[in-house]
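Take a look at the structure below.
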Amino acid sequence: MKHDSDVLIAGGGLNGPALALALAQAGLRVSVVDAQLARARANEGFDGRAYALAIASQRLLSAVGVWPAVAGEAQPILQVRAADGRAGERPAPLALNFDSAELDGGPVGYMLEDRFLARALADAMAASPHITLIPATSVVAQEPGPAGISATLSDGRTLSARVLVGADGRRSTVAERAGITRTGWGYGQTALVCALEHEQPHHGVAQQVFLPTGPLALLPLPGNRTSIVWSETDANARTLAALPDADFLALLRERLPSGLGEVRLVGPRFSYPLNLTLANAYIAPRVALAGDAAHGVHPVAGQGLNLGLRDVAVLAEVLVEAHRRGEDIGAGDVLARYQGWRRFDATTLALGMDAVNRLFSNDNPFLRAGRDIGMGVVQSIPSLRRAFMRQAAGLLPNPPRLLAGQKL
Ligand SMILES: Cc1cc2nc3c(=O)[nH]c(=O)nc-3n(C[C@H](O)[C@H](O)[C@H](O)COP(=O)(O)OP(=O)(O)OC[C@H]3O[C@@H](n4cnc5c(N)ncnc54)[C@H](O)[C@@H]3O)c2cc1C
């Protein structure tokens with residue numbers, strides 16, 4: 001049976017395009033259908049969204065040929081600090097401090113703005129002869145069969161492929177139509193996202209201040225700029241989001257660690273309600289899920305996209321190897337290899353971030369003392385500190401090839 005493509009990807013956000021590039025590089029024919037207009041996310045202005053990319057994610061972007069286009073816009077993260085905090089107080093003295101010098105010298109990761117990453121992915125897809133991008137169109141129906149899957153698009157067309165990948169985000173309708181149920185809960189927290197310009201340099205330091213109502217992350221951007229992800233209770237966040245910039249900034253200032261000097265807001269402010277949503281399976285007949293469609297997590301450790309790129313690396317490797325062996329890449333046993341490799345790691349990390357958020361987003365004096373002691377213990381044992389650093393950098397034992405920077 002002749003299909004329109006080998007792999008049909010629903011979702012042209014970040015993980016969908018990264019997967020398309022990895023597969024196309026190995027000679028597979030890929031169609032990417034995205035509900036948004038092409039390049040709508042890749043406009044020129046800074047919109048406040050930026051990602052902390054672990055080293056392993058940066059290696060994947062290098063392997064699929066995207067990194068050279070964004071390297072000049074990326075800010076290396078040289079140090080990671082975490083501490084308890086309260087409005088108007090300096091962070092607690094027992095803080096965690098990870099230095100990249102302890103990690104074979106290189107940075108722990110990079111900060112990269114969404115606009116640069118989205119544009120580089122879109123340009124690389126446009127340049128690939130193996131990728132067909134179908135923008136401003138949704139997958140609205142799907143029908144798996146013995147030799148492939150056919151998908152109906154919102155413009156009435158029907159496309160067929162050996163496998164349909166749902167990279168269609170937290171509300172994945174590909175998963176829903178495949179009968180994949182989800183587990184999850186709301187956090188009662190909303191992330192307030194914005195960017196600051198400041199007087200003093202950040203020296204490539206990423207900071208996490210654990211406030212009683214939620215974590216506040218300061219992530220260094222190129223120049224004297226910092227991306228802020230401030231998680232607050234929904235009620236507080238609603239009030240804060242409604243404030244004029246000057247009042248919002250005054251409250252944020254009270255919670256910032258010292259050292260940045262005068263700060264001002266640059267660009268708009270955003271609000272993201274936070275929830276955990278885990279797919280109960282990553283595969284169904286002729287269907288695989290990747291990225292937020294498989295696991296939407298709390299942004300407390302900036303791991304959402306990094307987790308998605310781990311899916312991309314594993315799914316691409318499984319599909320390409322099956323293709324090279326002449327197997328049907330959409331067959332159940334092939335897709336089961338992907339699920340078996342990924343699901344445990346992703347669920348463990350998602351629940352780990354959930355636990356960190358619960359442990360730190362409260363003002364219970366016993367928990368506060370316990371976690372401060374815990375951070376002090378990790379800080380004082382170099383081997384434990386290095387283990388945490390390697391986890392933050394995404395440096396796994398026996399990684400899939402793309403996460404080690406190797407092409408498939
Ligand atoms: C406040 C905040 C801060 C974050 N910070 C970080 C960070 O520092 N580091 C990090 O690693 N991660 C971070 N994340 C997580 C990261 O943003 C997500 O994990 C990532 O964007 C998910 O990408 P995706 O491609 O899986 O999904 P999405 O980006 O959600 O893309 C899904 C795409 O699917 C399309 N779509 C939906 N339905 C259909 C359909 N039926 N047919 C076709 N297309 C469809 C949509 O148009 C969209 O383009 C953060 C998240 C938040 C909320």
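Numbering of ligands and ligand atoms starts at 1, following listing order.
Nearest to atom 42 (N) of ligand 1 by heavy atom, out of Val297, Val139, Val32, is Val139. The residue from Ile9, Asn15, Ile134 that puts a heavy atom closest to atom 26 (O) of ligand 1 is Asn15. Proximity annotation for atom 5 (N) of ligand 1: of Ala151, Gly304, Ala50, Ala52, Ala50 comes nearest, heavy atoms only.
The nearest pair of heavy atoms linking Ser57 to Asn306 is OG-OD1, 2.6 Å. Of all non-hydrogen atoms in Thr158 and Ser150, the two that sit nearest each other are CG2-CB, 3.9 Å.
Here's the thing with Ala35: one of its N/O atoms is less than 3.5 angstrom from an N/O atom of ligand 1. Every N/O-N/O distance between Ser138 and ligand 1 stays at or above 3.5 Å. In terms of polar-atom proximity, defined here as any N/O pair under 3.5 Å, Leu14 does make such a contact with ligand 1. Checked by distance only, ligand 1 and Leu305 come closer than 3.5 Å through their nitrogen or oxygen atoms. Backbone and side-chain nitrogen or oxygen atoms of Arg177 are examined, and none is located within less than 3.5 angstrom of a nitrogen or oxygen of ligand 1. An N or O contact shorter than 3.5 Å is missing between Thr137 and ligand 1 by distance.
When non-hydrogen atoms are compared, ligand 1 lies under 4.0 Å from the side chain of Tyr272 (C-beta onward) but not from its backbone.
Side-chain contact check for Leu319 versus Tyr338: every heavy-atom pair is 4.5 Å or farther apart. Using a 4.5 Å cut-off on side-chain heavy atoms (C-beta onward), Gln189 and Glu232 make no contact. Considering only heavy atoms from C-beta on, Asn224 stays 4.5 Å or farther from His202 through its side chain. Between Gln208 and Leu218 the shortest side-chain heavy-atom distance does not fall below 4.5 Å.
Under 4.0 Å is where a charged nitrogen must lie from a carboxylate oxygen, and between Arg337 and Glu327 at least one such pair does. Ion pairing between a basic and an acidic side chain is recognised when a charged N comes within 4.0 Å of a carboxylate O; Glu113 and Arg225 show such pairing.
In summary, the atoms of ligand 1 found under 4.0 Å from a heavy atom of Gln303, numbered by their order in the structure, are 11 (O). The contact set between ligand 1 and Asn306, taken as ligand atoms under 4.0 Å from a residue heavy atom, comprises 11 (O). The contact set between ligand 1 and Gly291, taken as ligand atoms under 4.0 Å from a residue heavy atom, comprises 26 (O). Ligand-side atoms of ligand 1 in range of Val193: 1 (C), range being under 4.0 angstrom from any heavy atom. Taking a cut-off of under 4.0 Å to the non-hydrogen atoms of Ala167, the atoms of ligand 1 that pass are 32 (C), 33 (C), 34 (O). Those atoms of ligand 1 with a heavy atom of Thr173 less than 4.0 angstrom away are 41 (N).
Neither side chain, His130 nor Asp6, offers a donor N or O lying under 3.5 Å from an acceptor on the other.
A cation-pi arrangement is present between Arg269 and Phe248, with the terminal nitrogen or guanidinium carbon under 6.0 Å from the aromatic centre and inside a 45° cone about the axis.
Proximity of Gly308 to ligand 1 is not established, as no heavy-atom distance is less than 4.0 Å.
For Trp341 and Tyr282, the ring centers sit 6.0 Å or farther from each other.
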